Number of protein chains: 2
Amino acid sequence: MPTIYDVAKACGVAPSTVSRAFSRPGRVNAETAARIRKVAEEIGYRANPLARALPTGKTSLLALVVSDVTNPFYFEIIRGAELAANAADYTLLVADVYESAAVERKALERALPLVEGVVLGTSRMSDSAIRVMAQQRPTVVLNRVLTGIPSVITDNARGTRRAMEHLVDLEHRSIGYVAGPEASWADGMRWRAMRDAAEALDVRVQRFGPVAPTLVGGTGVAPVVADSAVTAVVAYNDLVAIGLMRGLAAVGVRVPRDVSVVGFDNIFGAELCSPALTTVAAPLAALGRYAVQTLLAGMASRTPPQVRPALLPAELVIRESTARRARRRRSVAAS
Amino acid sequence: MPTIYDVAKACGVAPSTVSRAFSRPGRVNAETAARIRKVAEEIGYRANPLARALPTGKTSLLALVVSDVTNPFYFEIIRGAELAANAADYTLLVADVYESAAVERKALERALPLVEGVVLGTSRMSDSAIRVMAQQRPTVVLNRVLTGIPSVITDNARGTRRAMEHLVDLEHRSIGYVAGPEASWADGMRWRAMRDAAEALDVRVQRFGPVAPTLVGGTGVAPVVADSAVTAVVAYNDLVAIGLMRGLAAVGVRVPRDVSVVGFDNIFGAELCSPALTTVAAPLAALGRYAVQTLLAGMASRTPPQVRPALLPAELVIRESTARRARRRRSVAAS
DNA sequence: CAAGTCATGGCAATCGATTGCCATTGGGGT
DNA sequence: ACCCCAATGGCAATCGATTGCCATGACTTG
């Protein structure tokens, strides 16, 4: 691989001039710069990003930490983040942490010295641990709010409210919530929003779980939900909702005829399942894109940027898993 | 951040000794090394991977290039690859190229100087372009065979054969294939395997498409398939298969009653859709894991490793989208 | 006892690009 | 004619770890 020294020799100038010809437009005479560029092109010079990064610290790498890459929730987020990163000439490094705070810590330890900034997607770390790492590198948090650290979140309150209104429109008066992981900030928000909405709309809510944010998590609570008095259920996320529907089917409860089900996020698969899932759609690609843009903006400006979390709108996508409440309570099937 | 110089000073030894204490076990007196390690621990020294990489070229980074991160096909592959990479103390850099050879080239250009090796997942580049890049960095190719370059593939021939046998068992005698992208190596393999199997089993096959490897790709050919004489269809992949089922439903063709559908890969969603999809399951996580392991093995050994492509077994997962052929041909619905 | 061997640690060059500072030159202002 | 300044290019230090080579001293061995 040719270096600036090779280019410099071929041009009869000093290496520093070659360097400036590329990174300091205007600092070098236009003709000289043009000549250097031409020669560099000819001998196939490419700047070595490692060598550049050593003195400057600019690696052009950004980390996106996701709690589970196999969770379809992240696909569009990753895509959005990567697009935004590439647009700014950055490369995105996706780290998967398998829903484990310990692995997350280790992954960050590995990646942190390499990257210029970090986007934490649904982190499972403690607030204080996040604050510690935010001191080392510019950080943006997804789906969680920490005062003093820029964050990008979905408007869960509004989305939850919409879902509740929808269910109430369908005459449901007793609504369940299947909770996700305790450590999930979004879970807390959703449950709180449900209770607020329930009060405002004058209906009863009941909490189930917590369960793992997976299909089997949803399947697992199905019997409990089936035995309860609720006629509609809002699940922590789509995966849980879909698992729940299958679990309900297994114990003879029909969706939406006996019980309506609403999910969160509108992941790939939400419209594939049967019945197609009514869900509060998160603006996934926008979330990823905006997080990266916020991060880059923060890196560019000297001063720490906005502290107000960015609130991206969620909207209710109505499909087939919700329906008007049956006149009579279903008879409970075998458990 | 403390450096080896800080540690050296604190220990009263030379920086080179500190370096060796970490990277050359045995080269330094055991007591000295222990002391250095202790002091390093105390002042919180962490080796700077950038500085290490500059002289040695060892960045501990591996690239995995995927044609589309939002394609569920890759989730488990990424997971498998990342696990294998982390186990060897490498970090995986996932690059998304949106099904475009041009973007792939650009992404590689960006990432190549940073990584020690590359896994190409379903690359859309030409053979020659891949060979050029394989000269720059150790490379392993997924789902494609290039002589001289290590590759890891699914046993498409056997998998296709199983699918055909299954359909023939169900008395289908006229079977369609919905082709994927022309540039896809797997597509060629599958179509070839279909014809071979058709000959061996004495049934007719008909090719449709090619279509984009997406839901809409599948939906789009549905009318053509509906108008044809086939009673069963094998689709390029699960996405196309699911799209096809929806498209068929839209024109009044019932799956599996009127037409049986088989997919490829067994992605997330294949068992969620309705009817649940019968599909040739690719060993996704194993594919990712094995590709990275092969890459690392090739990097470790001086000599270029095995040239025989590694063939990972596929198996047929029978669900609800295939059924015995109806006695009479269906009546064709509106188009 | 002299010579050779081994263990251990230090010196200094190196990877490739960046950048603060200085030297040179030519032009403009007065 | 003199001074000053802007434009331009070069010198050399720097980022932090690695590593070939050499120096020292201890120990072995004939």
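Note on naming: letters A, B, ... go to the chains in the order of the sequence lines (proteins, then strands), and numbering restarts at 1 for each one. Every value quoted in this text rests on a predicted model; they were computed, and no experiment measured them.
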Using distance only, find each side-chain donor-acceptor pair of residues 38-45 of chain B under 3.5 Å and give its atom names and separation, not counting sequence neighbours.
from: B:Lys38; atom 1: NZ; to: B:Glu42; atom 2: OE2; distance (Å): 3.2

Rounded to the nearest Å, what distance is computed from the [atom1] atom of residue [X] to the [atom2] atom of nucleotide [N]?
{"X": "B:Met1", "N": "D:dG16", "atom1": "CE", "atom2": "P", "value": "11 Å"}
{"X": "A:Asp6", "N": "C:dC15", "atom1": "CG", "atom2": "P", "value": "11 Å"}
{"X": "B:Leu114", "N": "C:dG16", "atom1": "CG", "atom2": "P", "value": "15 Å"}
{"X": "B:Lys58", "N": "D:dT19", "atom1": "NZ", "atom2": "P", "value": "10 Å"}
{"X": "B:Phe22", "N": "C:dG9", "atom1": "CZ", "atom2": "C1'", "value": "16 Å"}
{"X": "A:Leu50", "N": "C:dA17", "atom1": "CG", "atom2": "P", "value": "11 Å"}
{"X": "A:Asn48", "N": "C:dT14", "atom1": "CG", "atom2": "C1'", "value": "14 Å"}

Exercise. Determine yes or no for a side-chain-to-main-chain donor-acceptor pair under 3.5 angstrom, with B:Asp187 supplying the side chain and B:Gly180 the backbone.
Key: yes
Practice problem: Verify, without hydrogens or angle tests, whether A:Arg137 (side chain) and A:Leu112 (backbone) share a donor-acceptor contact under 3.5 angstrom. | Solution: yes
Practice problem: Describe the nucleic acid contact of B:Ser19 in one word from base, sugar-phosphate, nothing, applying a heavy-atom distance below 4.0 Å. | Solution: base
Quiz item: So what does A:Val28 touch, heavy atoms closer than 4.0 Å: a base, only the sugar-phosphate, or nothing?
Solution: sugar-phosphate
[X] side-chain N/O to [N] phosphate OP1/OP2 under 4.0 Å:
{"X": "B:Arg52", "N": "D:dG16", "answer": "no"}
{"X": "A:Thr56", "N": "C:dT19", "answer": "no"}
{"X": "A:Asn29", "N": "D:dT8", "answer": "yes"}

Quiz item: How would you list, by chain and number, every residue that makes a salt bridge (charged side-chain N to carboxylate O under 4.0 Å, His left out) with A:Arg124, sequence neighbours excluded?
Solution: A:Glu99
Under 3.5 Å donor-acceptor pairs involving side-chain atoms of residues 51-61 of chain A, not counting sequence neighbours:
from: A:Thr56; atom 1: OG1; to: A:Arg52; atom 2: O; distance (Å): 2.6
from: A:Thr56; atom 1: OG1; to: A:Lys58; atom 2: N; distance (Å): 3.1
from: A:Lys58; atom 1: NZ; to: A:Glu116; atom 2: OE1; distance (Å): 3.4
from: A:Thr59; atom 1: OG1; to: A:Leu61; atom 2: N; distance (Å): 3.3
from: A:Thr59; atom 1: OG1; to: A:Leu114; atom 2: O; distance (Å): 2.6

In residues 5-12 of chain B, what donor-acceptor pairs under 3.5 Å come from side-chain atoms, sequence neighbours left out?
from: B:Asp6; atom 1: OD2; to: B:Thr3; atom 2: N; distance (Å): 2.8

Quiz item: If you find the nucleotide of DNA chain D closest to A:Tyr5 and the one closest to A:Thr17, which residue's nucleotide is nearer the 5' end?
Solution: A:Thr17
Self-check item: Most 5' of B:Pro2 and A:Val13 on DNA chain D, judged by nearest nucleotide
Solution: A:Val13
Would you mind listing every salt bridge (Lys or Arg N to Asp or Glu O under 4.0 Å) that reaches into [range], with sequence neighbours excluded?
{"range": "residues 15-35 of chain A", "result": "none"}
{"range": "residues 74-85 of chain A", "result": "A:Arg79-B:Asp68, A:Arg79-B:Asp96"}
{"range": "residues 140-154 of chain A", "result": "A:Asp127-A:Arg144"}

Quiz item: Between B:Ala30 and A:Pro55, which is nearer to the 5' end of DNA chain C once each is assigned its nearest nucleotide?
Solution: B:Ala30
Quiz item: Who passes side-chain hydrogen bond (donor to acceptor under 3.5 Å, both in side chains) against A:Tyr74, sequence neighbours left out?
Solution: A:Ser67, A:Thr122
Polar pairs (N or O, both sides) under 3.5 Å between protein and nucleotides 20-25 of chain C?
from: C:dG20; atom 1: O6; to: A:Arg20; atom 2: NH1; distance (Å): 3.3

Exercise. Using five base pairs at each end, measure the axis-to-axis angle across the helix from C:dC1-D:dG30 to C:dT30-D:dA1 and round it to 10 degrees.
Key: 40°
Self-check item: Residues from residues 35-47 of chain B lying under 4.0 Å of DNA chain D - heavy atoms
Solution: B:Tyr45, B:Arg46, B:Ala47
Self-check item: Nearest atoms (heavy-atom pairs only) where B:Val118 meets B:Leu295
Solution: N-CD2, 3.6 Å
Quiz item: side chain to side chain contact (heavy atoms under 4.5 Å, CB included) with A:Pro113: which residues, sequence neighbours excluded?
Solution: B:Pro49
